[in-house]
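Report on the following structure.
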Number of protein chains: 2
Amino acid sequence: MDSNGADSQVDGRTRLLSSAAAEFSRRGFAGASIATIARGAGVGKSTVFHHFESKEALYLAVIREAAAEFGQTLNTVLSTTEDPGRCIAEFQRRHLAHLQRNAEVARLVLRELQEPFDERCETLVRDVLSPNFQRLVGYLKEAAEAGLIRSNLDPAVVALTLLGANVLYFQSREALAVLPGHDLADNPDGFARAVSDVVFRGLVQRGEQ
Amino acid sequence: MDSNGADSQVDGRTRLLSSAAAEFSRRGFAGASIATIARGAGVGKSTVFHHFESKEALYLAVIREAAAEFGQTLNTVLSTTEDPGRCIAEFQRRHLAHLQRNAEVARLVLRELQEPFDERCETLVRDVLSPNFQRLVGYLKEAAEAGLIRSNLDPAVVALTLLGANVLYFQSREALAVLPGHDLADNPDGFARAVSDVVFRGLVQRGEQ
DNA sequence: GTCTATAATTCGATAGAC
DNA sequence: GTCTATCGAATTATAGAC
């Protein structure tokens with residue numbers, strides 16, 4: 001049922017990260033227990049503290065891991081020498097795929113953002129989430145300065161629009177299947193492409209206004 | 001601190017709805033206690049079951065109430081005789097304001113969508129959320145058929161893009177305040193207007209492609 | 001207020017890699 | 001022999017019961 005356990009092929013640290021992702025995602029930060037995480041990784045409790053300074057450090061490491069992986073994707077995807085339409089479409093597709101592949105961590109982050117804003121959340125945003133977000137914003141700003149896209153708009157708004165569509169899709173996938181009239185629920189790539197098309201070209205008829 | 005309590009100006013049913021909104025939002029459906037809800041409304045436990053068939057009926061009524069109120073707004077806002085740019089901007093602004101004004105219910109719904117998809121959630125989507133969503137989709141479809149907006153795009157995708165931006169803003173308002181380079185966090189109307197501008201006009205330079 | 005249970009964290013020791 | 005991963009036992013912190 002769970003794919004971690006004492007899978008001796010990977011080292012303890014890695015097994016701890018994936019066990020922690022599952023446990024934090026299921027119970028939230030406060031509800032998660034170090035003992036359960038250790039058990040899930042097939043190691044002793046004290047081994048956790050050999051690899052990570054504290055429960056919070058482990059928690060941040062779980063998210064940092066996923067964020068760093070997506071950072072690699074950004075290296076490939078965000079290039080001002082490419083056509084911005086393609087760039088954005090590819091960003092959107094890869095981002096949604098990343099959310100779905102790292103569903104546990106994604107849920108963890110969304111859960112955190114909903115809880116009352118504390119210092120832990122601020123650290124999370126500042127140190128882990130913000131860098132990738134700022135790279136997207138930076139790309140959009142450069143594209144605007146280079147005349148590749150419209151320049152009179154806030155790049156942070158554009159970024160939030162793109163991310164918001166993916167996040168809502170990710171959160172509501174199952175609910176979408178209930179709604180009639182489309183087949184979005186089982187076609188994330190198609191959804192991502194359609195969103196990037198909407199955002200890039202807009203609703204307005206070509207040639208008007 | 002909380003504005004419900006035994007405020008005898010409004011009737012029991014109304015006080016129950018707002019007490020229930022607070023309690024469900026805080027503890028989720030399973031965690032919420034009818035006794036606490038009754039106490040918060042200043043009525044006895046049996047009064048709850050006089051007004052509502054069951055815990056689930058009360059829960060759905062809380063959300064239905066907010067959805068119906070927003071349905072009123074849709075009547076005012078979605079009109080194919082208006083300029084679609086204005087329509088969408090106004091929809092976006094009112095929707096975000098509605099999320100913020102009904103923050104407890106909004107959090108409740110988002111929480112529900114994240115939990116494992118069960119029958120309760122399906123009822124919620126089908127009976128309560130879907131009607132308003134379909135009205136937005138229907139408006140976009142008509143606008144496309146009338147030639148007011150581009151017709152080769154999926155209206156459900158457009159709707160999800162608009163809603164996603166608002167939902168993400170709503171969920172991450174406090175986190176946004178931490179990110180540098182913008183003042184979005186304390187200007188929801190400005191955010192909504194900027195998003196609708198992006199979605200309506202697109203990123204592409206006017207006159208190109 | 002004290003007692004108790006639970007959970008985080010630290011300590012000291014062991015075993016294997018190089 | 002040192003270094004690193006590991007463990008079991010010991011130590012604190014905290015929250016709830018009485």
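Here is the naming used below: chain letters follow the sequence lines, and residue numbers restart at 1 for every chain. Computed from a predicted model, the values in this text were never measured in an experiment.
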Problem - Any residue meeting side chain to side chain contact (heavy atoms under 4.5 Å, CB included) with R107(B), in chain and number order, not counting sequence neighbours - result: Q114(A), S25(B), A103(B), F170(B)
Handout entry: Listed partners of D127(B) passing side chain to side chain contact (heavy atoms under 4.5 Å, CB included), at least two apart
Key =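 In terms of side chain to side chain contact (heavy atoms under 4.5 Å, CB included), with neighbours along the sequence ignored, D127(B) is linked to R64(B), T123(B).
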Within the pair [X] and [N], is there a side-chain N or O less than 4.0 Å away from OP1 or OP2?
| X | N | result |
| --- | --- | --- |
| H50(A) | dA5(D) | yes |
| H51(A) | dT6(D) | yes |
| T47(A) | dC7(D) | yes |

Problem - Positional range of nucleotides in DNA chain C within the contact set of chain A, heavy-atom, under 4.0 Å - result: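 Taking any atom under 4.0 Å from a heavy atom of chain A, the span is dA8(C) to dC11(C).
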Whole-Å distance between [N] [atom2] and [X] [atom1]?
| X | N | atom1 | atom2 | answer |
| --- | --- | --- | --- | --- |
| L17(A) | dA5(D) | CG | P | 13 Å |
| D11(A) | dA5(D) | CG | P | 8 Å |
| R15(A) | dA5(D) | CZ | C1' | 11 Å |

Practice task
Identify, between R13(A) and K45(A), the residue whose nearest nucleotide on DNA chain D lies closer to the 5' end.
Solution key: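 The residue closer to the strand's 5' end, by nearest nucleotide, is R13(A).
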Practice task
Check ring-ring contact (aromatic ring centres under 6.0 Å, His included) between F24(B) and all other residues, then give those that pass, not counting sequence neighbours.
Solution key: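 Applying ring-ring contact (aromatic ring centres under 6.0 Å, His included) to F24(B) gives F29(B), Y59(B).
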Problem - F49(B): partners by ring-ring contact (aromatic ring centres under 6.0 Å, His included), with sequence neighbours left out - result: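 Listed in chain order: nothing, the list is empty.
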Exercise for the section: Name all pairs fulfilling the side-chain hydrogen bond (donor to acceptor under 3.5 Å, both in side chains) condition that reach into residues 178-189 of chain A, sequence neighbours left out, sorted by first residue then second. Expected result: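 Output for this query is empty, none listed.
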Exercise for the section: Answer yes when R13(A) and D11(A) have at least one side-chain N-carboxylate O distance shorter than 4.0 Å, and no when they do not. Expected result: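 Here R13(A) does not pair with D11(A) in a salt bridge, since their nearest N and O are not under 4.0 Å apart.
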Practice task
Pick base, sugar-phosphate or nothing for S33(A), based on heavy-atom distances below 4.0 Å to the nucleic acid.
Solution key: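 Result for S33(A) = sugar-phosphate.
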Practice task
Report which part of the nucleic acid A38(A) touches: base, sugar-phosphate, or nothing (heavy-atom distance under 4.0 Å, all strands).
Solution key: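 If one applies the 4.0 Å heavy-atom cut-off, A38(A) turns out to touch nothing in the nucleic acid.
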